[in-house]
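Following: one structure in structure tokens, then a few remarks.
The basis for the numbers below is simple: all heavy atoms, side chains too, and nothing from hydrogens, waters or symmetry mates. When a ligand or atom number is given, it counts from 1 through the structure's own listing order. In this chain, numbering begins with 1 at the start of the sequence shown.
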Amino acid sequence: MEDVGRPVRVQSLAQNRISTVPPQYIQPPDNRPKSSSTAAASTSSHSRTIPLIDLLHFDHFHSQSIRREIGRACREWGAFHVINHGVPIRLLKDMRSVGLSFFNDCDIPEKLKYSCDPNFAASEGYGTRMLVNQSDDTVLDWRDYFDHHTFPLSRRNPLRWPHYPPNYRQVIEEYSDHMKVLAEELLDLISESLGAKSSCIKEAVGEIYQNITVSYYPPCPQPELTLGLQDHSDMGAITLLIQDDTGGLQVYKDGEWVTVQPLSDAIVVILADQTEIITNGAYRSAQHRAITNANKARLSVATFHDPAKTRKISPALELIGGESSLPQYGEVVYGDYVTSWYTKGPEGKRNIDALLL
Ligand SMILES: O=C(O)CCC(=O)C(=O)O
Ligand SMILES: [Fe+2]
């Protein structure tokens with residue numbers, strides 16, 4: 001049974017070995033994944049996927065071509081894989097492993113000790129529902145998660161994170177530090193790829209607020225009717241995501257959902273809405289979602305890098321000017337943007353589209 005303060009976790013539904021999903025999880029027909037994307041076809045090596053950018057040779061000699069590749073990936077997809085990114089591969093594995101261990105090895109009552117507050121958006125802890133004030137007809141995601149507040153350091157309190165496995169909190173801290181360094185490097189490269197100064201996007205974002213969300217998608221008896229995570233774009237500046245080998249992340253491109261192949265050593269870079277605003281639409285945030293799997297649980301770890309809630313965001317002056325590039329987006333206080341996202345729901349890119357001038 002569900003009580004208001006404690007929404008039922010999807011993992012406990014899945015553990016009851018139900019053969020059909022409860023009606024609240026059934027997507028309207030237009031949102032359902034195509035059957036080809038829920039079956040083996042989604043891992044076919046022939047399918048189209050996001051660009052892969054190798055940062056290994058990032059030096060004076062190659063840097064121009066890497067910036068060009070990044071520019072193309074941001075313009076055409078808003079998402080790309082990076083390899084040789086400087087984050088230890090061992091740390092990516094440890095992150096996936098401790099995340100999975102919390103979900104698999106702790107029982108539900110133990111996990112519920114870390115429950116987030118479902119009445120506040122993005123509150124820290126163990127949860128399942130992304131949106132606040134959901135009405136009875138809201139379709140639910142087939143997902144549980146654990147959200148960690150990691151930057152600025154004043155928000156970081158490892159005592160609120162799982163105590164099992166024993167290295168959990170240490171891994172999160174190390175992972176958080178590495179991801180922030182990489183996010184800042186990428187924001188520099190993305191700015192340079194537009195011909196702007198390296199710090200252009202970073203200066204517009206200001207102090208970085210980082211959250212790490214470990215998402216756990218239990219096996220789902222009816223993957224053709226459900227979504228692990230509904231269609232959305234991320235609301236902050238840049239998201240760095242890793243996934244396990246189950247696969248399920250999809251990016252919307254040219255009218256179709258394209259599956260992002262799992263690459264164990266790579267990190268998926270996802271441009272988020274504030275970067276779209278700051279770049280005045282030169283780079284668009286990626287619309288994405290997660291599908292479910294009938295046989296296997298899936299784990300992903302998304303690290304969000306966002307402005308402070310009080311920050312005003314608008315197109316960077318360096319990137320507008322002249323008649324050909326008038327500002328395309330109105331100024332927004334980031335906290336207002338977040339409130340609207342969590343109360344109205346993301347529904348594709350409706351929130352950012354509402355700011356178009
Ligand atoms: O699980 C995934 O691959 C997607 C997660 C995601 O998009 C998010 O947490 O915002
Ligand atoms: Fe996302």
Enumerate the atoms of ligand 1 whose separation from the nearest heavy atom of [X] is less than 4.0 angstrom.
X	result
L241	2 (C), 3 (O), 4 (C), 5 (C)
Y217	1 (O), 2 (C), 4 (C), 5 (C)
R298	1 (O), 2 (C), 3 (O)

Of the side chain and backbone of [X], name the one, both, or neither that has a heavy atom under 4.0 Å from an atom of ligand 1.
X	answer
H232	side chain
T213	neither
H288	side chain
T239	neither

* **Heavy-atom proximity to atom 6 (C) of ligand 1, best of L229, T303, L249, D231** =>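 It is L229 whose heavy atom sits nearest to atom 6 (C) of ligand 1.
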
query = Considering only protein heavy atoms, which is closest to atom 9 (O) of ligand 1, and at what distance to one decimal place?
reply =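 Going by distance alone, atom 9 (O) of ligand 1 is nearest to F304 CZ, 3.5 Å.
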
On the ring face of Y126, is R9 found with NZ or CZ under 6.0 Å from the centre and within 45° of the axis?
yes

| query | Any side-chain heavy atom of C116 within less than 4.5 Å of one from Y145? | reply | yes

Note to self: What I'd like to find out is whether the side chain of I291 reaches to under 4.5 Å of the side chain of L227, using heavy atoms alone.
What the structure shows: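 They are in side-chain contact.
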
Residues passing the side chain to side chain contact (heavy atoms under 4.5 Å, CB included) test with L357, sequence neighbours excluded, are P327

Residue set satisfying side chain to side chain contact (heavy atoms under 4.5 Å, CB included) with P22, at least two apart, ordered chain then number -> L13, I18, Q24, Y25, W142

- Message: When you group the ILVMFWY residues by side-chain heavy-atom contacts below 4.5 Å and let the links chain together, are L249 and F304 in the same group?
- Response: no

Near-ring test [Y]/[X], centroid separation under 6.0 angstrom:
X	Y	value
F103	Y216	yes
H232	Y252	no
F102	Y164	no

field: N, O or S atoms of the protein lying under 2.8 Å from the Fe ion (ligand 2)
entry: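 Within the sphere that stays under 2.8 Å of the Fe ion (ligand 2), the protein atoms of type N, O or S are H232 NE2, D234 OD1, H288 NE2.
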
Regarding E224 and R32, does a basic nitrogen lie under 4.0 Å from an acidic carboxylate oxygen?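 The answer is no: the pair does not qualify as a salt bridge.
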
With respect to S300, determine whether any N or O atom, backbone or side chain, lies less than 3.5 Å from an N or O atom of ligand 1.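 Yes; the residue has a nitrogen or oxygen that sits under 3.5 Å from a nitrogen or oxygen of the ligand.
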
Residues passing the side-chain hydrogen bond (donor to acceptor under 3.5 Å, both in side chains) test with W161, sequence neighbours excluded, are E124

